[in-house]
**Student:** 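Would you mind keeping the following structure in view while I ask a few things?
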Protein chains: 2
Amino acid sequence: MTRDLRPHPDTRPAASAPWRPTRQRTAVLNALHGRTGFTSAQELHEALEADGVTIGLTTVYRTLHALDRSGRVDVVRDRTGERLYRHRPTDGHRHYIVCRACGLSAAVEAEAVERWADEVAETMGFAEVEHTVELSGVCDPCRTEHRRTAAEPPPPRSGRGDRRADS
Amino acid sequence: MTRDLRPHPDTRPAASAPWRPTRQRTAVLNALHGRTGFTSAQELHEALEADGVTIGLTTVYRTLHALDRSGRVDVVRDRTGERLYRHRPTDGHRHYIVCRACGLSAAVEAEAVERWADEVAETMGFAEVEHTVELSGVCDPCRTEHRRTAAEPPPPRSGRGDRRADS
DNA sequence: TACGGGGTGAAAATGATTACCATGTGCTAC
DNA sequence: GTAGCACATGGTAATCATTTTCACCCCGTA
């Protein structure tokens, strides 16, 4: 029926466990810093293996989870529901707009939304409110390119997260 | 790797096809109107079968898809990524806040977010911008109940979407 | 050296969603 | 009413990201 939502026992103990910077964890972290856009766990795993890093997919997922919990990465979901990760460039909660065609991601100012979420929570009498805001669209370059190559969809430029328009 | 994002050929033709109100489609629609909260396709299917309606899971998914495309239902994703559907009470794009404990859902005023999204789209040079806003929390009743029954998590009151605090 | 607590990862399991495809059903023209 | 056709249906088999399992490794410490 519904997937069990309780934190699964596999990752839960880490809540209080010390963070040991193992070879694999460091590799994941580095890989995340290397890429500037959003990346899926699977992509990350492939990239690591391609770079000669021996690491299990399980470990990638586990590490990404841990990073998420400790707020060191941002997570979005693409339209298929797949989770995409990205190292959090600065502190604090960030939101992004992602190009559906090329994966370009750009941080956006979301103060307004944060305030709105808090407000809603209060007026509705909800506690422990979490919010997810996902913005997607087609960036300018992709749009113009698309106009040129009428028929085919714009070729994904260089993987999902290899470009950026941050800062 | 990444799931194929193209609209799959199985449902695509319906884009221009007429909407035939078949027994199954009517049943799905009725079931959606009967429930006031968000419901997963699987839950809906179970409920229908329980009500004596013979219908394939495939058809439920297909119908929900069609309703989504035509804007007759709202869709959110729970934290596992599962899609939850709900009939759209009025016209226009609506946003909700959903209780993680009991499934209670309430429509919230989201003008602010809409405006913000449009603004962001424009300043970032993105077109065809879509936004997803998901708010979840713990509603007041669940909170008090939880305080009383210390240990166990608050018992899901009556299925994911059987309560509401709309209007 | 034995022990113990993370960590790791291959393989199997899970579970929502889709694809396939043979069959059904309701119009419409004749 | 019946043939033809386009849309619909639904069982079953994939897909596919993510989890779980569990045996094993690594490393600091007693």
Side-chain angles (χ1 to χ4, degrees), chain A residues 1-29 38-46 48-49 53-70 75-85 160, chain B residues 1-29 38-46 48-49 53-70 75-85 160:
Chain A
M1 203 154 318
T2 306
R3 250 181 249 177
D4 193 343
L5 300 183
R6 284 170 302 181
H8 61 205
D10 201 10
T11 54
R12 189 182 38 200
S16 59
W19 171 273
R20 286 196 201 158
T22 63
R23 178 178 61 79
Q24 292 87 338
R25 288 179 178 179
T26 307
V28 168
L29 230 22
F38 281 94
T39 316
S40 71
Q42 315 245 3
E43 274 178 341
L44 213 50
H45 179 240
E46 270 182 49
L48 285 165
E49 296 265 85
V53 179
T54 313
I55 185 173
L57 184 54
T58 308
T59 302
V60 174
Y61 272 109
R62 227 171 348 218
T63 304
L64 253 13
H65 250 168
L67 291 173
D68 178 22
R69 274 201 313 271
S70 65
V75 188
V76 301
R77 307 190 86 115
D78 67 14
R79 43 178 54 188
T80 71
E82 188 179 7
R83 275 190 272 267
L84 305 179
Y85 299 85
R160 181 142 45 201
Chain B
M1 196 121 6
T2 306
R3 248 179 255 177
D4 192 342
L5 300 184
R6 285 169 303 182
H8 61 209
D10 200 9
T11 53
R12 190 182 37 201
S16 58
W19 170 274
R20 284 197 201 158
T22 64
R23 179 179 60 79
Q24 292 88 338
R25 289 179 176 180
T26 307
V28 169
L29 231 20
F38 281 94
T39 315
S40 71
Q42 315 243 3
E43 274 178 341
L44 212 52
H45 180 239
E46 269 182 47
L48 285 166
E49 295 264 85
V53 179
T54 311
I55 186 173
L57 184 54
T58 309
T59 303
V60 174
Y61 272 108
R62 227 171 348 218
T63 304
L64 254 14
H65 250 165
L67 291 173
D68 178 22
R69 274 200 313 271
S70 64
V75 188
V76 301
R77 306 190 88 114
D78 67 15
R79 43 179 52 188
T80 71
E82 187 178 7
R83 276 191 271 266
L84 305 179
Y85 300 84
R160 182 144 42 200

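Letters A, B, ... mirror the listed sequences (proteins, then strands); counts begin at 1.
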**Student:** Round to a whole Å and report the spacing from CZ of A:R83 to C1' of D:dT19.
**Tutor:**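 Atom CZ in A:R83 sits about 10 Å away from atom C1' in D:dT19.
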**Student:** As an exercise, state the distance from CD of A:E82 to CD of A:E43, rounded to the nearest 0.5 Å.
**Tutor:** 7.0 Å
**Student:** Taking atom C1' of C:dT18 as reference, at what distance in whole Å does atom CD of B:Q42 sit?
**Tutor:**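 So the two atoms are 12 Å apart, to the nearest Å.
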**Student:** Hey, which sits more toward the 5' end of DNA chain D by its nearest nucleotide, B:W19 or A:Y85?
**Tutor:**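 So the residue in question is B:W19.
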**Student:** Using only side-chain N and O atoms of B:T22, determine if any of them is under 4.0 Å from OP1 or OP2 of D:dA8.
**Tutor:**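 Checking D:dA8 against B:T22, no side-chain N or O comes under 4.0 Å of OP1 or OP2.
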**Student:** Say you draw a straight line from CZ of B:R20 to OG1 of B:T26; how long is it, rounded to the nearest 0.5 Å?
**Tutor:** 13.0 Å
**Student:** Take the protein atom CD of A:Q24 and the nucleotide atom C1' of C:dG6, then report the distance between them rounded to whole Å.
**Tutor:**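 Distance check: A:Q24 CD to C:dG6 C1' gives 12 Å.
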**Student:** Using side chain to side chain contact (heavy atoms under 4.5 Å, CB included) as the criterion, point out the one residue from B:T63, B:L84, B:V28 that pairs with B:L44.
**Tutor:** B:V28
**Student:** Taking atom C1' of D:dG11 as reference, at what distance in whole Å does atom OH of B:Y61 sit?
**Tutor:**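 About 15 Å, once rounded to whole Å.
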**Student:** Does A:H65 have a side-chain nitrogen or oxygen under 4.0 Å from the phosphate oxygens OP1 or OP2 of D:dT19?
**Tutor:**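 Yes, within the criterion.
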**Student:** Provide, to the nearest angstrom, the distance between the CZ atom belonging to A:R77 and the P atom belonging to D:dT18.
**Tutor:**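 Those two atoms, CZ and P, are 7 Å apart.
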**Student:** Using the side-chain heavy atoms of A:R20, tell me which of these nucleotides is nearest: C:dG7, D:dG10, D:dA8.
**Tutor:**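 Closest of the options to the side chain of A:R20: C:dG7.
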**Student:** Would you say A:R23's side chain and A:T54's backbone share a donor-acceptor pair under 3.5 angstrom?
**Tutor:** yes
**Student:** From CG of B:L84 over to C1' of C:dG15, roughly how many Å is that when rounded to an integer?
**Tutor:**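 For the pair B:L84 CG and C:dG15 C1', the rounded distance is 14 Å.
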**Student:** Among D:dT19, C:dT8, C:dT17, find the nucleotide with the atom closest to the side chain of B:E82.
**Tutor:** C:dT17
**Student:** Tell me which nucleotide among D:dA8, C:dT8, D:dT18 gets nearest to the side chain of B:R25.
**Tutor:**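 For B:R25, the side-chain atoms sit closest to D:dA8.
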**Student:** Quickly work out the B:L48 CG to D:dT9 P distance and round it to whole Å.
**Tutor:** 12 Å
**Student:** Whole angstrom is fine here: how far is it from CZ in B:R23 over to P in C:dG24?
**Tutor:** 14 Å
**Student:** Between A:H45 and A:L57, what is the shortest heavy-atom contact and its length?
**Tutor:**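 Result for this residue pair: NE2-N, 3.5 Å.
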**Student:** I'd like to check A:F38 versus A:R83 (side-chain heavy atoms, cut-off strictly below 4.5 Å). Are they in contact?
**Tutor:**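 Contact flag for A:F38/A:R83 side chains = no.
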**Student:** Within the side chain of B:R77, is there an N or O that forms a donor-acceptor pair under 3.5 Å with the backbone of A:R79?
**Tutor:**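 It does hold such a pair.
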**Student:** Set out, line by line, the N/O atom pairs under 3.5 Å between protein and nucleotides 10-12 of chain C.
**Tutor:**
from	atom 1	to	atom 2	distance (Å)
C:dA10	N6	A:T58	OG1	3.3
C:dA11	N6	A:T58	OG1	3.4

